[in-house]
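Remarks on the structure that follows.
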Amino acid sequence: MTAAKSSSDGTLIASGYDDGILQISGLDPETGLYIERECDTGDAAIASIELHLEQEIIITNTTDGMTSIWNMDLQLISSYPTKKVAAGAGSGASAETAESADPVEEPIEETEPIAMPEPVEEAVSPEPAEPTEPAEPAESAEPAESPEPIEPIEPIEPIEPTEPTEPNTQAESPEPPAQSDEGKYEALAMLRYKNSDTISFKFKVSYIPKPYILGLSLSGGYSCYTMLQPFYFGGYIEPHLGIPQKKFPFTYEQNGKPIPSPLIVGGKIYFPFGICVFPFKKNIEFYAELEPGLALNLMWNTKFGKDAITSKVYPAFYGAFKTGVTYKGFTGFIEGNYDAILGFGFSIGIGYNINVQIFGQKQDELVRE
């Protein structure tokens, strides 16, 4: 994260990243529901962000010298070139604030005539010197021109607005609490949770104990992430196929008919329960889960029709521990599993997750603070 800015009430935060991603997350000011939106602003890193809820706009400055204005749906309103800004320059920095600082210096230069009141005081001191000739008061009338410099004293009033500059700095001083809020949001961003459920499809290759050497399976199911954040649960169906070794050491019979080198055909029904977090970047999620379930297996002689021979179905307890990484929907994982009939095995696999909203989104407690 290279820049961040929270709203004045702390319910919404805009974040910028070095890959040009702009994101807003928090409570929607209209609906009060938790939202998380993002868009790609380009290849340049986002150096600073301004968030204006009243105007419903977000202003970004990128390191390639572009200033862009976005609406709250992260749709581009306008974009124009400005001076290049170094990444990490901080939130709230803009060309307008830099220009607004210059006029503060000009009235300070005008305050130099403030030294003129000193001759006015000297002009006041001659007044008590009434014994002097009236011509001298005429000279003292020259200080009567001093009211003209007194008029510059009126610029002192603009100097007093310089005191509001202190409130401006004080207006900036709230940024430290804002930074503390950013610290909360940044911590939240470093460990934020998944706010959508998924429909998943996974392909798995397994090592299973001899006399079988390879297992292949394809699973599909649903996982709910929004009800127990950061934990999730779901249900999956997984048809599988067990391939025997070339020289099969056993001969099985069914009704007196041999089943040489039978394939294992069956499936599993399991119910994963796990935890999922985003520890580094918003598109990279890490997860780990336990998968208790039931496996159903039978043996088949790989023939069809009248020559097909199959055994009865053998039910068995099934369990597994899986851990993996998901990036933009694509997932890879490793798994250790146990089948009460086949024994222990090891699997690797890939899959794809489709994010869906069925039970709605859950507002994070830290966001509501």
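The first residue of the sequence shown is numbered 1, and numbering continues consecutively from there.
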### Query
ring-ring contact (aromatic ring centres under 6.0 Å, His included) between F201 and Y352: does it pass, once the steps are laid out?
CA-CA 6 Å; F201 301 94; Y352 186 74; 8.6 Å; no
Verify the neighbour count for atom [atom1] of [X]: are there more than 12 heavy atoms of other residues, nucleotides or ligands below 6.0 Å?
X	atom1	answer
I348	CD1	no
I341	CD1	yes
I334	CD1	no
I77	CD1	yes
Y207	OH	yes

Flag side-chain contact, heavy atom, 4.5 Å: [X] against [Y]:
X	Y	result
F346	I208	no
T67	I59	yes
N301	P262	no
I284	V325	yes
S25	Y34	yes
F286	C276	no
Y318	I269	no
L342	I264	yes

### Query
What's the verdict on side-chain hydrogen bond (donor to acceptor under 3.5 Å, both in side chains) for Y232 and T198, showing C-alpha distance, side-chain angles and the deciding distance?
CA-CA 10 Å; Y232 65 92; T198 63; over 6 Å; no
### Query
Can I49 and L22 be said to form a side chain to side chain contact (heavy atoms under 4.5 Å, CB included), step by step?
CA-CA 9 Å; I49 295 177; L22 172 64; 4.0 Å; yes
To the nearest 0.5 Å, what is the distance between [atom1] on [X] and [atom2] on [Y]?
X	Y	atom1	atom2	result
D43	D18	CG	CG	11.5 Å
S7	I13	OG	CD1	9.0 Å
Q229	C224	CD	SG	9.5 Å
E289	Y236	CD	OH	7.0 Å
S217	K268	OG	NZ	5.0 Å
W70	I58	CH2	CD1	9.5 Å

### Query
Does a donor on one side chain and an acceptor on the other come within less than 3.5 Å for S223 and D197?
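Per modelled atom types, S223 and D197 side chains form no pair under 3.5 Å.
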### Message
Is it the case that the side chains of N337 and E335 hold a donor-acceptor pair, with the cut-off being a distance below 3.5 Å and no angle test?
### Response
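Their side chains do contain a donor-acceptor pair, which is all the 3.5 Å distance test asks for.
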Please tell me whether [X] and [Y] are part of a single hydrophobic cluster in this structure, the criterion being side-chain heavy atoms less than 4.5 Å apart.
X	Y	value
I237	L241	no
Y327	I350	no
L12	I46	yes
F203	L214	yes

### Query
Does a salt bridge link K204 with E238, judged by any charged N lying under 4.0 Å from a carboxylate O?
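Salt bridge: yes.
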### Electrostatic pair K5-E50, nearest N-O below 4.0 angstrom
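No, K5 and E50 are not salt-bridged.
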### Task
Verify, without hydrogens or angle tests, whether S78 (side chain) and I69 (backbone) share a donor-acceptor contact under 3.5 angstrom.
no
### Query
Are the side chain of N71 and the backbone of D73 linked by a donor-acceptor contact shorter than 3.5 Å?
yes
### Cationic tip of K202 above F333 ring, under 6.0 Å, 45° of axis
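Ring-cation test returns yes.
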### Identified side chain to side chain donor-acceptor pair (under 3.5 Å) partner of S48 from the options T63, T62, T60, N61
N61
Which heavy atom in [X] sits nearest to a heavy atom in [Y], and how many Å separate them?
X	Y	result
G235	P272	N-CD, 4.1 Å
A308	K303	CB-O, 2.9 Å
I24	M72	CD1-O, 3.2 Å
N297	H240	OD1-NE2, 2.6 Å
S6	L51	C-CD2, 3.9 Å
L76	S68	CD1-CB, 3.8 Å

### Query
Hey, mind stepping through F317 and Y338 against side chain to side chain contact (heavy atoms under 4.5 Å, CB included) and telling me if it holds?
CA-CA 8 Å; F317 168 79; Y338 174 75; 4.2 Å; yes
### Query
Given the rule in the side chain to side chain contact (heavy atoms under 4.5 Å, CB included) test, do F330 and N353 qualify, once you have shown the distances and angles that lead to the verdict?
CA-CA 6 Å; F330 293 94; N353 299 330; over 6 Å; no
### Task
Under the side chain to side chain contact (heavy atoms under 4.5 Å, CB included) rule, what do T41 and I21 come out as? Steps first, then yes or no, please.
CA-CA 6 Å; T41 65; I21 295 296; over 6 Å; no
### Task
Would you sort out whether F233 and F273 count as a ring-ring contact (aromatic ring centres under 6.0 Å, His included), showing the intermediate values?
CA-CA 4 Å; F233 60 91; F273 180 82; 7.4 Å; no
